[in-house]
Number of protein chains: 2
Amino acid sequence: MKLLDAPQPAEVAPPYPDHVLLTPGPTPIHPRALRALTRPMLGHMDPEVFKLNRAIQADLREMYGTEPEAFTALLAGTGSLGMEAGFANLVEKGDEVLVCANGSFGRRMAEMAARYGAKVRLVTAPLGEPINPSDVADHLGDAAMVAVVHGETSTGVLNPVPEIAELVRHSGALLTVDAVTTAGMEPFSMQQWGVDYAYTGAQKCLSAPPGLAPVAISERAFARFAARRHPTPLWYCDFEGLRDYWVEHTYHHTVPVNLHFAFAEALRAALEEGLPERRERVRWMGRAITEALAPLGFSPYVKREEARLPTVLALRLPEHLDDAGVRAELRRREISITGGLGPTAGVIWRLGLMGEAAHPAPYRALMVALEDILGAPGLVRRFEAALDAGSA
Amino acid sequence: MKLLDAPQPAEVAPPYPDHVLLTPGPTPIHPRALRALTRPMLGHMDPEVFKLNRAIQADLREMYGTEPEAFTALLAGTGSLGMEAGFANLVEKGDEVLVCANGSFGRRMAEMAARYGAKVRLVTAPLGEPINPSDVADHLGDAAMVAVVHGETSTGVLNPVPEIAELVRHSGALLTVDAVTTAGMEPFSMQQWGVDYAYTGAQKCLSAPPGLAPVAISERAFARFAARRHPTPLWYCDFEGLRDYWVEHTYHHTVPVNLHFAFAEALRAALEEGLPERRERVRWMGRAITEALAPLGFSPYVKREEARLPTVLALRLPEHLDDAGVRAELRRREISITGGLGPTAGVIWRLGLMGEAAHPAPYRALMVALEDILGAPGLVRRFEAALDAGSA
């Protein structure tokens, strides 16, 4: 094994700048995860890896607030694969699936459910507004599954999952929740609420490297899966195959071991910080940013405060702001923020406050740049004052 | 952003030994890939990442020997997802698929094809023997696809893909080839042979970290995909979604950017070493190992030399060797090799010679350990002499 190439070879397609990522994901990788990423390689069937996997499963139960024996695992793919695995395993041709679709990710759920043969019905809400639980109640019928995105990344809306879960709980329908922008940072309680399948992406609230989708599956969901009439098409994420590997320790497919190394450290770091402390940290950051930008005409896009997703701060832009121009100038200065999507393009900015992004330092960099670009003296000072007035 | 935690927090589930991995995958990560893995994070829609992706696509065309304009990409999952994506996109309900199944991975192909609704017919061969092309000719009929594993990891057999391709070429069937243990190390020529879909895993012959499946899709395969009657269930790897991201640069899902960083370096390192040079390196190593172990009663498991897979050396064990005991003792000394699978358990060892595993140093460690464990003086000396006699 060569340990060092000498002379150092040229990199493919440089440069790779040290960039300030303030988007709705991916987030900057937690330093502890970064260190673990380069550990010497082990095989996916090695005892050290199974021991690590058990620790990951236990920590995921805590993060998702599951029943003590709930099945948790990492899928070897990104958050969208987590979404797909739920429909692939828990929906059969002809099943009625009620999808709460008040943004891009809700609509993606509807498309996936349809691809697996579901009869899809939609509950919608006006752009920037949460799903109304009474609309879910009205359309529940004999749905086999209800699916909802907890935090809609595309609009910064937090849907009322506990209220929806309460309605679904006794209906016989399974409840699938997209926890991509919430789990690990926002309160999430699968057992207490009655969620049957939840997933997120490693690179969101946990600031682990992308490429893994942590999932949790209730016993009720596993029983539904076990009663399938036909195997799921999706061999790669077949729940039985997952259980073979994660519980029985038999080979299913090669899991990405280094990503497991890094993920375990990022998740443990989150639990050691404390989920309530993380919840407070994102709110503290969100308030400081909002207060600092308010005098420039930025205002919360989502009207009702309880419907604002704290981890993706959606701010309505002041009139006459050159959205594309300002973001391009920020990009030139190696700072990324994200605009709206579709109908909100040019209307809002979406600022990521997940995991390692939700710290003063990277947002200080944004404020310094904006103070200069927008010619807005006092912006940095207001941001610092708001941080000082709040508490993490 | 905290740049260093002080004091250093305890790792999750240690220890993590510096292990000698000589299995059929994953392989030790190439040092150049390891360095790239920890680059500062960028977003999946950042221009630097699209530039890198274009370089990866060009290098993959070279590795797979495709037509100049063939579509290549990385799937955000492991090799099995590469296998699945082929059937998911190129097979529709009722299609006849002829699967060459002379090992575990051929049988996995058959299972996946069936899950996507194919009528599957099998061509088999006795254990440890390659598929006979005339059997393919006899069963071709009006198959919509023929699928074959180039190198059967489970038995160390190299199937005659060029001869099979020649038969399939004018039949109207698509040809899917599992290149997991070959592409990047063994000759592979998609265009010249007439292969329509090929895939591998990043952690095999290229020694990139696991979690990516590099794929190549012929224009003919894309045309078949475009003529589908129904969308594929597999949204995550839908060929159109892949093309949206890799060619049109529109969002489909969050690709694992750090894995792209590492993969690009590992692939470029392979091309800079030279594919013919890598081909020679693995043969040189295989000869030296075989010669060194022969006096102890180890012999090639695959009888016909041209049917031996150079990257997974399958050796029949001497009688009375305590397979499980010796491998456990090796494991205690932090060296992993792999035994047989199913009917070859206790009969063979499988030694990985892919990527960074195919160097003298890690196999020297194996020989030193075996000389001691087996009480076989001269083993290391024979190995060194055979290396000296050969040439890399």
Side-chain angles (χ1 to χ4, degrees), chain A residues 1-5 9 11-13 16 18-19 21 23 25-26 28-29 31-32 34 37-44 46 48 51-52 55 76-81 84 111-112 115-116 201 203 209-211 231 233-236 253-254 256-259 264-265 268 272 336 356 359 361-362, chain B residues 1-5 9 11-13 16 18-19 21 23 25-26 28-29 31-32 34 37-44 46 48 51-52 55 76-81 84 111-112 115-116 201 203 209-211 231 233-236 253-254 256-259 264-265 268 272 336 356 359 361-362:
Chain A
M1 271 178 297
K2 287 179 296 181
L3 291 175
L4 199 67
D5 295 316
E11 289 180 314
V12 182
Y16 297 97
D18 196 352
H19 199 78
L21 261 189
T23 65
I29 295 174
R32 201 168 146 181
L34 210 54
L37 199 52
T38 56
R39 276 186 203 148
M41 194 69 188
L42 286 170
H44 48 292
D46 274 321
E48 294 88 349
K51 184 177 162 203
L52 179 76
T78 57
S80 290
L81 187 66
E84 179 142 4
E111 177 172 352
M112 285 185 183
R115 285 185 182 224
Y116 286 92
Q203 77 283 8
L234 187 56
W235 182 93
Y236 186 65
H253 66 261
T254 303
V257 164
N258 326 53
L259 294 182
E265 297 298 331
R268 183 63 61 85
E272 286 177 2
S336 285
E356 290 302 283
H359 286 292
Chain B
M1 274 178 296
K2 287 179 295 179
L3 291 176
L4 198 67
D5 295 317
E11 287 181 315
V12 182
Y16 296 97
D18 197 351
H19 200 77
L21 261 187
T23 66
I29 296 174
R32 199 168 149 182
L34 209 54
L37 199 52
T38 56
R39 276 184 202 150
M41 194 69 190
L42 287 169
H44 48 291
D46 275 320
E48 295 88 348
K51 183 177 162 205
L52 179 75
T78 58
S80 291
L81 187 66
E84 179 142 6
E111 178 172 350
M112 285 185 184
R115 285 184 181 225
Y116 285 93
Q203 77 283 8
L234 188 56
W235 182 94
Y236 186 65
H253 67 260
T254 304
V257 165
N258 326 54
L259 293 182
E265 298 298 332
R268 183 62 61 85
E272 286 177 2
S336 284
E356 289 302 283
H359 285 293

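Chain A is the first sequence line, chain B the second, and so forth, proteins listed ahead of strands; every chain is numbered from 1.
- The candidate with the highest count of non-hydrogen atom pairs below 4.5 Å against chain A, out of B/Pro233, B/Gly25, B/Pro256, is B/Pro233.
- By number of non-hydrogen pairs under 4.5 angstrom with chain A, the leading residue of B/Gly211, B/Ala55, B/Ala76 is B/Ala76.
- Counting all heavy atoms, side chain and backbone alike, B/Leu52 lies closest to A/Ala13 at CA-CB, 3.8 Å.
- Heavy-atom pairs under 4.5 Å with chain A were tallied for B/Glu111, B/Met112, B/Glu265; the largest tally goes to B/Glu265.
- Ranking A/His253, A/Arg39, A/Arg268, A/Glu11 against chain B, the residue ahead of the rest is A/Arg39, based on heavy-atom pairs under 4.5 Å.
- With sequence neighbours left out, B/Gln203 forms a side-chain hydrogen bond (donor to acceptor under 3.5 Å, both in side chains) with no residue at all.
- The backbone N or O of B/Thr78 sits less than 3.5 Å from a side-chain atom of A/Tyr236, completing a donor-acceptor pair.
- Using a 4.5 Å cut-off between heavy atoms, B/Leu259 touches chain A through its side chain atoms alone.
- Only the side chain of B/Glu84 has a heavy atom closer than 4.5 Å to any heavy atom of chain A.
- In plain terms, the two heavy atoms of A/Pro210 and B/Val257 that are nearest each other are CG-N, 3.7 Å.
- Closest heavy-atom contact between A/Leu234 and B/Tyr116: CA-OH, 3.9 Å.
- Of the listed residues B/Pro231, B/Pro209, B/Pro26, the one with more heavy-atom pairs under 4.5 angstrom with chain A than any other is B/Pro26.
- The CG atom of B/Asn258 lies 6.5 Å from the CG atom of A/Leu37; values are rounded to the nearest 0.5 Å.
- For B/Ser336, the side chain to side chain contact (heavy atoms under 4.5 Å, CB included) partners at least two apart in sequence or on another chain are A/Asp46, B/His19, B/Leu21, B/Thr23, B/Arg331.
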Run the numbers on B/Trp235 and A/Leu81 for side-chain contact (heavy atoms from CB on, under 4.5 Å), then give the verdict. CA-CA 9 Å; B/Trp235 182 94; A/Leu81 187 66; over 6 Å; no

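- For the set B/Arg115, B/Met41, B/Lys51, the entry with the most heavy-atom pairs within less than 4.5 Å of chain A is B/Arg115.
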